Novice: 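Here it is, the structure in full.
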Amino acid sequence: MGITLFDKIWSAHVVRDLPDGTSLLYIDRHLVHEVTSPQAFEGLRLAGRRIRRPELTFATMDHNVPTTPDRLDIADPVSRAQMEALKANCDEFGIPLYGLGDERQGIVHVIGPELGLTLPGLTIVCGDSHTSTHGAFGALAFGIGTSEVEHVLVTQTLVQRKPGSFRVEFTGRPGPHIFSKDMVLRMIGLIGTAGGTGYVLEYGGEAVRALSMEARMSICNMSIEAGARAGMIAPDETTFDYVAREKRPFAPGEEDFERALSHWRSLPSDDDALYDRTLTIDTAALAPQVTWGTNPGMVIDVDQVIPEPDDLPGYSREDVTKALDYMGLSPGTRLTDVDVDVVFIGSCTNSRIEDLRQAAAVLDGRRKAEHVELLVVPGSEQVRRQAEAEGLDRIFKDAGAQWRFAGCSMCLGMNPDQLRPQQRCASTSNRNFEGRQGKGGRTHLVSPEMAAAAAVAGRFVDIRTWLES
Amino acid sequence: MTPFTKHRGIVATLSRANVDTDAIIPKQFLKSIKRTGYGPNAFFDWRYTADGQPDPKFELNQDRFAGRSILATRNNFGCGSSREHAVWALAQDGYRVIIAPWVERDGKRLPGFADIFRSNTTKNGILAIELPETDVDTIFASVAEHHGLEATVDLTSQQLILHSPEPAVFHFDIETSAKDQLLKGLDGIDLTLAHADAIDRFERDHETWL
Ligand code: SF4
């Protein structure tokens with residue numbers, strides 16, 4: 001019987017199988033950010049422990065950082081203390097830090113691939129659930145809690161029970177203006193926010209093979225929104241080209257590249273590999289997706305109406321009513337009749353250069369609606385410079401957008417970028433939980449094109465017909 | 001870590017599915033670099049009104065739940081962000097046990113707890129118990145009927161006893177490793193360091209490409 005990509009990486013990283021059925025798994029890359037690490041470093045200090053492999057550990061600041069030009073002057077003393085703590089910890093333990101002001105700073109899941117830290121076949125962890133993003137390279141990448149961060153710092157391993165395997169096949173080719181964001185939102189709508197719990201998802205099929213690395217990262221990023229431990233895509237020429245491009249400082253150099261490449265080519269799942277579960281989604285029939293509720297599984301096609309509380313499989317009437325109440329929406333409404341106050345283009349789901357190009361293509365020669373606040377936040381400083389080199393910042397500014405510096409920004413509102421109560425936001429991020437973007441804020445998840453169009457129209461539109469009109 | 005063997009306490013109910021960790025501990029409290037002080041901020045946005053008073057509309061604020069240490073809730077509890085702060089907040093707010101149902105949808109078994117959350121509970125001495133949906137419904141109904149209803153959770157025998165006039169006993173499953181860690185209050189890092197020689201050996205010819 002054939003072996004899956006996941007199985008190949010798993011077995012290459014088992015240090016020891018333990019008697020209770022769990023395994024001690026070796027970790028190749030440990031990414032660290034300021035929010036989930038301070039207590040882990042403190043634990044190390046209290047126990048008098050050292051970091052086993054500081055050279056496999058890399059840190060950045062992203063959640064707290066302001067994104068305005070005066071960002072180095074952090075007004076919030078608590079945020080500042082957290083960033084200073086990371087700096088002090090990295091200095092003390094000898095960990096490279098891409099901190100605020102560094103030209104490679106950015107969202108941890110954007111800079112990992114940029115720096116060449118994210119490679120096929122690796123195990124990658126971070127104290128952040130969206131670590132699943134890195135699976136787009138054919139790596140096994142997953143989020144961990146702070147106790148586990150400490151565990152990896154000290155032992156470079158984790159104790160894990162092997163998850164099941166779940167193949168999601170995206171067949172056909174999506175029509176124009178349908179993106180990987182729509183593919184993954186549709187999948188979460190189908191299986192629910194716990195549908196992937198206990199599994200590692202492997203995405204495949206014609207529609208996935210045709211995607212760029214940026215688009216693949218958006219899909220893997222949202223695996224956790226389906227509850228999955230990780231999401232992965234088999235590496236192929238698209239992957240290898242991305243890794244080889246732009247002199248990524250930590251990617252294998254010329255002398256190692258051929259050897260790496262032959263290893264990477266051995267990783268994809270064998271044709272006769274079996275999975276514990278499978279799901280097929282036809283992308284040819286896909287419409288732009290918009291969430292209407294308070295979790296990413298509460299999603300509809302842009303031209304559908306918001307469901308009745310009794311009509312939603314998998315949810316109680318009470319849950320749907322609470323969600324609608326929070327969102328200020330009623331059943332039977334079309335989202336194309338709903339106004340937005342804020343549009344946020346950014347986050348580790350959709351803040352890479354390609355996402356910004358897509359948004360810019362819609363905004364070029366257009367202007368945002370008067371009442372809309374439009375925020376465009378690149379995922380990394382490198383993306384910002386690239387966008388500026390291509391003149392995208394001009395397009396954004398001419399369209400009335402605020403063009404910002406890199407960070408998580410309004411994805412979670414831990415920094416000054418936040419929604420005010422009841423403000424409605426079209427967002428390219430990954431979570432529409434209550435209060436996620438700011439207390440009382442109402443989030444609708446969409447693709448970058450759909451977000452840009454909503455900014456111009458002042459309400460949600462069907463990008464497929466709106467662009468023509 | 002304090003070992004978990006047996007616990008008796010008042011059961012409180014929170015009837016919401018998919019409670020995410022953003023709801024358990026909102027982001028503004030994640031700026032702390034400490035491991036303590038999260039308790040009063042658990043469920044902050046639901047728990048308090050705009051002027052900082054306990055919101056009478058929030059289920060867990062009911063007087064009859066005063067002193068509770070066992071939380072019964074709905075499926076997929078703790079989804080979303082990996083923040084361990086959510087578990088710290090629950091522990092520091094006095095919870096020792098959380099009960100959630102696994103549910104059956106389209107022939108698939110969906111778990112009561114999200115993965116990362118569940119693993120964070122074990123590391124902080126909280127017992128996460130998964131029961132069939134009908135059992136959790138029974139617990140909700142009993143709690144609604146009997147004010148201040150208590151339960152005893154015995155980890156060794158893997159039993160939960162609801163002290164209703166007609167006591168109800170539920171058996172629960174738990175992974176051996178989690179049970180062991182909770183019972184002995186073991187530190188996961190110490191356990192792994194016992195395999196240090198295996199890690200040394202593995203590292204010798206493992207390629208990390210750096
Ligand atoms: S952009 Fe959002 S989801 Fe991504 S790491 Fe930052 S806060 Fe988390």
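As the structure is a computational prediction, the values presented were derived from the model and not from experiment.
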Novice: Between B:E203 and A:Y26, is there a donor-acceptor pair closer than 3.5 Å when you use the side chain of the first and the backbone of the second?
Specialist: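 No, B:E203 side chain to A:Y26 backbone: no donor-acceptor pair under 3.5 Å.
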Novice: Which atoms form the tightest heavy-atom contact between B:D115 and A:G227, and what is the distance?
Specialist: OD2-O, 4.2 Å
Novice: Rounded to the nearest 0.5 Å, what separates atom CG in A:L412 from atom CZ in B:R83?
Specialist: 6.5 Å
Novice: Is A:D76 close to chain B through its backbone or its side chain, or both, or neither, when contacts mean heavy atoms under 4.5 Å?
Specialist: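 Just the side chain, heavy atoms under 4.5 Å.
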Novice: For A:E318, is it the side chain, the backbone, both or neither that has a heavy atom under 4.5 Å from a heavy atom of chain B?
Specialist: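 Just the side chain, heavy atoms under 4.5 Å.
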Novice: Over all heavy atoms of both residues, which pair between B:W209 and A:A260 is shortest? Give the atoms and the distance, please.
Specialist: CH2-CA, 3.4 Å
Novice: Which heavy atom in A:E148 sits nearest to a heavy atom in B:S119, and how many Å separate them?
Specialist: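 For A:E148 and B:S119, the tightest heavy-atom pair comes out as OE2-OG, 3.4 Å.
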Novice: Is A:R29 reaching over with its side chain to a backbone N or O of B:T208, donor-acceptor style, under 3.5 angstrom?
Specialist: yes
Novice: I want to check something: taking the side chain as every heavy atom from C-beta on, are A:T155 and B:L193 in contact at a cut-off of under 4.5 Å?
Specialist: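 A:T155 vs B:L193: side chains touch.
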Novice: Counting only non-hydrogen atoms closer than 4.5 Å, does A:A194 touch chain B with its backbone (N, CA, C, O), its side chain (CB onward), both, or neither?
Specialist: both
Novice: Quick one: which of B:N120, B:L210, B:T176 has the most heavy-atom pairs under 4.5 Å with chain A, could you say?
Specialist: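 Of B:N120, B:L210, B:T176, B:L210 has the most heavy-atom pairs under 4.5 Å with chain A.
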Novice: Should B:L30 and A:M414 count as side-chain neighbours, where that means a heavy-atom distance under 4.5 Å?
Specialist: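 Yes, their side chains come closer than 4.5 Å.
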Novice: So which residue, A:R53, A:E55, A:H130, A:M83, ends up with the most heavy-atom pairs under 4.5 Å with chain B?
Specialist: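 Winner by heavy-atom pair count: A:R53.
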Novice: Are side-chain heavy atoms of A:S147 and B:E84 found at a separation under 4.5 Å?
Specialist: yes
Novice: Okay, side chain of A:Q156, backbone of B:I199: is any donor-acceptor separation there less than 3.5 Å?
Specialist: no
Novice: Contact part of A:Q437 toward chain B, heavy-atom cut-off under 4.5 Å: side chain, backbone, both or neither?
Specialist: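 The answer is the backbone of A:Q437.
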Novice: Any chance the side chains of A:E434 and B:W46 put a donor and an acceptor closer than 3.5 Å?
Specialist: yes
Novice: Could you tell me which portion of B:F113 (side chain, backbone, both or neither) has an atom closer than 4.5 angstrom to a non-hydrogen atom of chain A?
Specialist: backbone
Novice: To the nearest 0.5 Å, tell me how far B:E207 CD sits from A:D28 CG.
Specialist: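 The distance works out to 9.5 Å.
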Novice: Would you compute the distance between atom OH of A:Y315 and atom CZ of B:R74 and round it to the nearest 0.5 angstrom?
Specialist: 16.0 Å
Novice: Do A:Q39 side-chain atoms and B:R35 backbone N/O form a donor-acceptor pair below 3.5 Å?
Specialist: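 Here the side-chain-to-backbone pair does not exist.
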Novice: Using a 4.5 angstrom heavy-atom cutoff, name the option from A:P421, A:G198, A:A81 with the most pairs to chain B.
Specialist: A:G198
Novice: Using modelled atom types only, decide if a donor and an acceptor are shared between the side chain of B:K31 and the backbone of A:P77 within a distance under 3.5 Å.
Specialist: no
Novice: Working to the nearest 0.5 Å, report the span between OG of A:S316 and CZ of B:R16.
Specialist: 10.5 Å
Novice: Please classify the contact between B:A23 and chain A as side chain, backbone, both or neither, with a heavy-atom cut-off of under 4.5 Å.
Specialist: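 Interface part for B:A23: neither.
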Novice: Answer with side chain, backbone, both or neither: which region of B:R201 has an atom nearer than 4.5 Å to a non-hydrogen atom of chain A?
Specialist: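 The side chain, not the backbone.
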Novice: Evaluate the side-chain proximity of A:F41 to B:I33: yes if any heavy-atom separation is below 4.5 Å, no if none is.
Specialist: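 Answer no - side chains too far apart.
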Novice: Mind listing the closest non-hydrogen atom pair of B:I116 and A:G145 along with its distance?
Specialist: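 Smallest interatomic distance, heavy atoms only, reads CG2-N, 4.0 Å.
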Novice: If we define contacts as heavy-atom pairs under 4.5 Å, which of B:A86, B:P26, B:S177, B:A114 has the most with chain A?
Specialist: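 Option with the greatest count: B:S177.
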Novice: Highest number of heavy-atom pairs under 4.5 Å with chain B: which of A:V149, A:D128, A:D256, A:T22?
Specialist: A:D128
Novice: Is it the side chain or the backbone of A:V35 that comes within 4.5 Å of chain B heavy atoms, both, or neither?
Specialist: both
Novice: Between B:D187 and chain A, which part of the residue has a heavy atom less than 4.5 Å away: side chain, backbone, both or neither?
Specialist: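 The side chain, not the backbone.
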Novice: Please assess A:K439 against B:Q28 for the test side chain to side chain contact (heavy atoms under 4.5 Å, CB included), listing each intermediate value before the final yes or no.
Specialist: CA-CA 10 Å; A:K439 190 172 173 170; B:Q28 62 269 33; 5.7 Å; no
Novice: Identify the two heavy atoms, one from A:H151 and one from B:G188, that lie closest to each other, and give their separation to 0.1 Å.
Specialist: NE2-O, 3.5 Å
Novice: What is the distance from atom CD1 of B:I189 to atom CZ of A:R49, rounded to the nearest 0.5 Å?
Specialist: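 Taking CD1 in B:I189 and CZ in A:R49, the distance rounds to 4.5 Å.
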Novice: Using the side chain to side chain contact (heavy atoms under 4.5 Å, CB included) rule, take B:H206 and A:H13 through it: C-alpha gap first, then chi angles, then the decisive distance, then the call.
Specialist: CA-CA 8 Å; B:H206 178 68; A:H13 288 84; 3.5 Å; yes
Novice: For chain B, which candidate among A:Q418, A:E34, A:H63, A:R161 shows the most heavy-atom pairs at distances under 4.5 Å?
Specialist: A:R161
Novice: Under 4.0 Å between a Lys/Arg side-chain N and an Asp/Glu carboxylate O for B:D20 and A:R436?
Specialist: no
Novice: I need the minimum non-hydrogen distance between A:I224 and B:G80, along with the two atoms involved.
Specialist: CG1-O, 4.3 Å
Novice: So which part of B:T21 gets closer than 4.5 Å to some heavy atom of chain A, the side chain, the backbone, both or neither?
Specialist: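 For B:T21, no heavy atom lies under 4.5 Å from chain A.
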Novice: How far does OG1 of A:T146 sit from CH2 of B:W88, to the nearest 0.5 angstrom?
Specialist: 4.0 Å
Novice: Counting heavy-atom pairs under 4.5 Å with chain A, which one of B:D190, B:V87, B:L191 comes out on top?
Specialist: B:D190
